[in-house]
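Down below is the structure, laid out as structure tokens.
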Amino acid sequence: MDVSYLLDSLNDAQREAVSSPVEHRLVLAGAGSGKTRVLVHRIAWLMRVEGASPFGVLAVTFTNKAAAEMRVRLDSLLGIPISGMWVGTFHGIAHRLLRTHWTDANLPKTFQILDSEDQFRIVKRVHKALELDDTRWPPRQSQWYINGKKDEGLRPQYLDDNGDFQERKLIEIYQAYEASCQKSGVVDFAELLLRAHELLRDSPTLLAHYQNRFRHILVDEFQDTNTLQYAWLRLLVGKEGKLFAVGDDDQSIYGWRGAKIENIQRLNEDFSNVGVIRLEQNYRSTSNILSAANAIIEKNENRMGKKLWTADGQGEPILLYRALNELDEAQFVAERIQKLSESEGYSRNDFALLYRSNAQSRVLEEALIRAGLPYRIYGGLRFFERAEIKDAMAYLRLLKNRDDDTSFERVVNTPTRGIGQRTLDIIRTIAREQVTSMWRAAQFVVAENELTARAGNAVKVFLSLIDQMDEGTDSLLLHERVEQTIQQSGLIDHYKKEKGEKGQTRVENLGELVTAARYFKPSDDAEETEMDLLDAFLAHAALEAGESQSEPGDDCVQLMTLHSAKGLEFPVVFMCGLEEGLFPHKRSSMEPRQLEEERRLCYVGVTRARKQLILCHTEHRRLYGEDHYPQLSRFVREIPDELLEEVRQNYGAVRPSSMNSAFNSPIKKPSSQIGGLNLGQSVSHAKFGSGVVINFEGDGNHARVQVNFDTHGCKWLVLAYAKLETL
DNA sequence: TTTAGTTGAATAAAG
DNA sequence: TTCAACTAAA
């Protein structure tokens with residue numbers, strides 16, 4: 001059989017990866033080195049050359065987008081739609097296992113999936129039940145704790161408080177939260193993974209079955225796996241399976257989310273004969289951009305090691321613009337976009353504005369609006385996360401699972417039907433006492449006449465509304481059922497009444513939901529696990545929240561955080577706010593590990609650019625109402641001067657003789673004195689009297705000192721104005 | 001139930 | 001500074 005088409009279009013390293021013997025493999029794929037291509041070709045190779053059955057292949061990704069792309073590319077490479085192969089996200093696959101083996105997993109057949117918002121609500125409820133003061137015990141923190149422990153594969157009963165009071169409380173909360181979820185038959189995202197892991201671990205038969213089935217396990221973005229995902233993979237690979245992991249340690253930017261970059265190194269300890277292949281040829285960027293990227297990432301220690309190169313030319317120099325403040329920065333960006341569009345013929349889609357934190361987007365947006373440039377922001381609320389959609393979904397979930405307390409609480413009084421806080425408190429208490437769901441408690445309360453006539457009636461109306469919506473709608477088509485639900489529940493009318501454009505959009509969104517239901521096609525696994533169409537739709541909504549607003553098809557400038565830029569590429573990339581404190585973020589700059597992650601984030605940003613990279617920073621930035629006079633980011637200073645060209649507004653381009661001499665004081669040796677003042681120096685000020693210099697920042701006209709005044713406390717003063725006298 | 005006023009948090013985010 | 005979430009009052 002001629003399989004040359006599987007290798008022809010590949011370079012040597014890619015070819016080696018695709019055609020390597022069926023053993024464990026780790027492919028270190030640099031940015032823009034064609035990793036998806038390798039992954040897809042490897043699967044095709046396994047099938048066409050190694051005789052693997054599609055049933056024997058499991059391919060795991062982190063995002064739905066990546067999974068979808070892989071499926072499409074596989075189909076087109078193989079010329080036929082792949083069936084029987086498991087291609088999906090970690091969560092999607094875990095979900096599939098749990099749906100198939102719900103009894104073994106100790107779940108109700110129609111268990112529902114919680115998103116982070118649902119989870120947060122439950123945590124808050126648990127806090128209330130435990131009578132915790134939310135100021136002392138922020139629910140967010142508990143949620144963080146619970147997810148963190150689950151990602152580590154830890155159940156509360158195995159946790160040790162080590163005599164720590166705080167820890168003990170958190171364990172208690174975790175335990176109560178779990179009990180609540182189990183009672184309601186709901187599962188959060190981390191729980192999907194944890195249960196799936198336990199399911200296999202605790203059932204030798206099931207484990208043997210899946211180990212036997214999946215002889216080839218391929219993982220994308222391996223550097224993003226957390227402890228639990230790694231354990232799950234290890235379990236599933238077993239003795240016979242072969243792991244093909246693709247990743248890039250230099251692009252590991254989700255440590256704060258539980259990702260363990262160490263998993264890459266661990267491969268060698270836990271698996272035998274892990275061949276490592278490096279993909280270092282980059283097909284995306286100019287060599288100037290790659291040199292900058294290499295220079296930055298080289299400053300990290302503990303790397304697997306990798307150096308990107310390209311067969312293409314040097315390209316444009318990297319531009320560096322030093323703005324007066326964030327407004328100036330934004331204006332510069334907008335002007336540059338217009339200028340480059342005209343001179344180089346770029347379309348708006350070709351530009352991406354990247355920033356470290358979301359707070360930076362506003363000023364940029366305003367400048368774009370002023371310049372009449374349409375833009376699109378990545379991230380933000382997605383379709384299935386909108387309140388009105390979640391309301392509708394909550395009704396649907398109640399139809400499937402009356403014990404789903406989260407959904408119950410969400411819609412019991414939406415639209416308002418006279419079931420107030422008072423009534424709910426009673427129901428909640430009963431539910432807790434009888435260790436049952438809100439739904440059952442409500443039934444009980446109605447039956448026992450424990451409420452005032454009015455409240456009792458209102459509850460009765462709600463209960464029968466749900467039952468009634470459930471009855472006789474089984475035969476309806478999915479979208480008819482959805483339509484019925486939003487009608488009968490009164491949601492549509494409720495939102496129609498809402499004044500202004502908001503209500504209008506909400507009604508439109510609900511209509512959109514009906515359309516989504518009409519065209520909803522369950523995935524293979526939904527079909528195979530014999531899920532009812534509505535169940536599949538509910539799961540789909542939870543696992544795939546959909547795209548965020550505004551059509552990607554429009555010709556728009558793209559705004560996003562550096563994190564969400566990962567995996568994307570653009571002809572022209574602006575990186576804004578390259579300032580110490582902002583990027584690297586001050587909360588990450590203390591610890592070397594975190595600083596390295598920031599540096600990787602910078603590396604990710606730089607390698608998004610194909611032709612032109614433009615770096616911006618300000619000498620003055622107002623953030624949260626506070627003034628900052630930040631230094632240029634150390635990451636920029638790690639780029640060799642000869643790759644950079646400084647942009648001087650109105651003066652044209654000037655090549656700096658040295659970045660350090662021009663206007664940046666090096667942070668490696670922060671000057672301990674400024675404007676003739678030393679730390680600890682006693683000074684006096686005309687208005688504030690005498691004090692001691694305790695800190696300073698900035699230089700030139702913006703140099704500021706912090707003085708602790710004897711009578712007026714600590715103040716930051718601009719040296720140029722303050723006229724301090726040394727004492 | 002709705003509305004106005006108050007408080008508090010502000011790094012990044014897929015499923 | 002800004003915005004969302006919460007609280008108190010009408």
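The sequence lines fix the lettering, A, B, ..., with proteins before strands; numbering per chain opens at 1. From a predicted model like this one, the values you see are computed outputs, not experimental measurements. The basis for the numbers below is simple: all heavy atoms, side chains too, and nothing from hydrogens, waters or symmetry mates.
- Not counting sequence neighbours, the partners of A:Arg622 by the side chain to side chain donor-acceptor pair (under 3.5 Å) test are A:Asp627.
- Looking at residues two or more places apart in sequence or on another chain, you find a side chain to side chain donor-acceptor pair (under 3.5 Å) between A:Ser588 and A:Glu598.
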I'd like a table of donor-acceptor pairs (distance under 3.5 Å, sequence neighbours excluded) in which one partner is a side-chain atom from residues 58-66 of chain A, with atom names and distances.
unit_1  : atom_1 : unit_2   : atom_2 : d
A:Thr61 : OG1    : A:Thr63  : O      : 3.1
A:Thr63 : OG1    : A:Ala66  : N      : 3.0
A:Asn64 : ND2    : A:Leu543 : O      : 3.0

Q) How does DNA chain B read in dot-bracket, base by base from 5' to 3', with Watson-Crick or G-U pairs under 3.5 Å and | used when the partner is on another strand? A) ||||||||||.....

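- Among residues two or more places apart in sequence or in another chain, the salt bridge (charged side-chain N to carboxylate O under 4.0 Å, His left out) test is passed with A:Glu191 by A:Lys150, A:Arg155, A:Arg195.
- Partners of A:His91 under the side chain to side chain donor-acceptor pair (under 3.5 Å) rule, at least two apart in sequence or in another chain, do not exist in this structure.
- Listed by chain and number, the residues in a side chain to side chain donor-acceptor pair (under 3.5 Å) with A:Asp391 are A:Arg410, A:Tyr495 (sequence neighbours excluded).
- Annotation: salt bridge (charged side-chain N to carboxylate O under 4.0 Å, His left out) contacts involving residues 129-143 of chain A, sequence neighbours excluded, are absent.
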Measure all distances between protein nitrogen or oxygen atoms and nitrogen or oxygen atoms of nucleotides 1-10 of chain B, and list the pairs falling under 3.5 Å.
unit_1 : atom_1 : unit_2   : atom_2 : d
B:dT1  : OP1    : A:Asn413 : ND2    : 3.2

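- At the phosphate of B:dT11, neither OP1 nor OP2 sits under 4.0 Å from any side-chain N or O atom of A:Asn358.
- Only the P atoms considered, B:dA12 is 15 Å distant from C:dA5, to the nearest whole Å.
- Qualifying ring pair (Phe, Tyr, Trp, His ring centres under 6.0 Å) partners for A:Phe222, counting only residues two or more places apart in sequence or in other chains: none.
- When DNA chain C is scanned 5' to 3' for any atom under 4.0 Å from a heavy atom of chain A, the first and last hits are C:dT1 to C:dC6.
- The salt bridge (charged side-chain N to carboxylate O under 4.0 Å, His left out) test applied to A:Arg428 returns A:Glu409, A:Asp425, not counting sequence neighbours.
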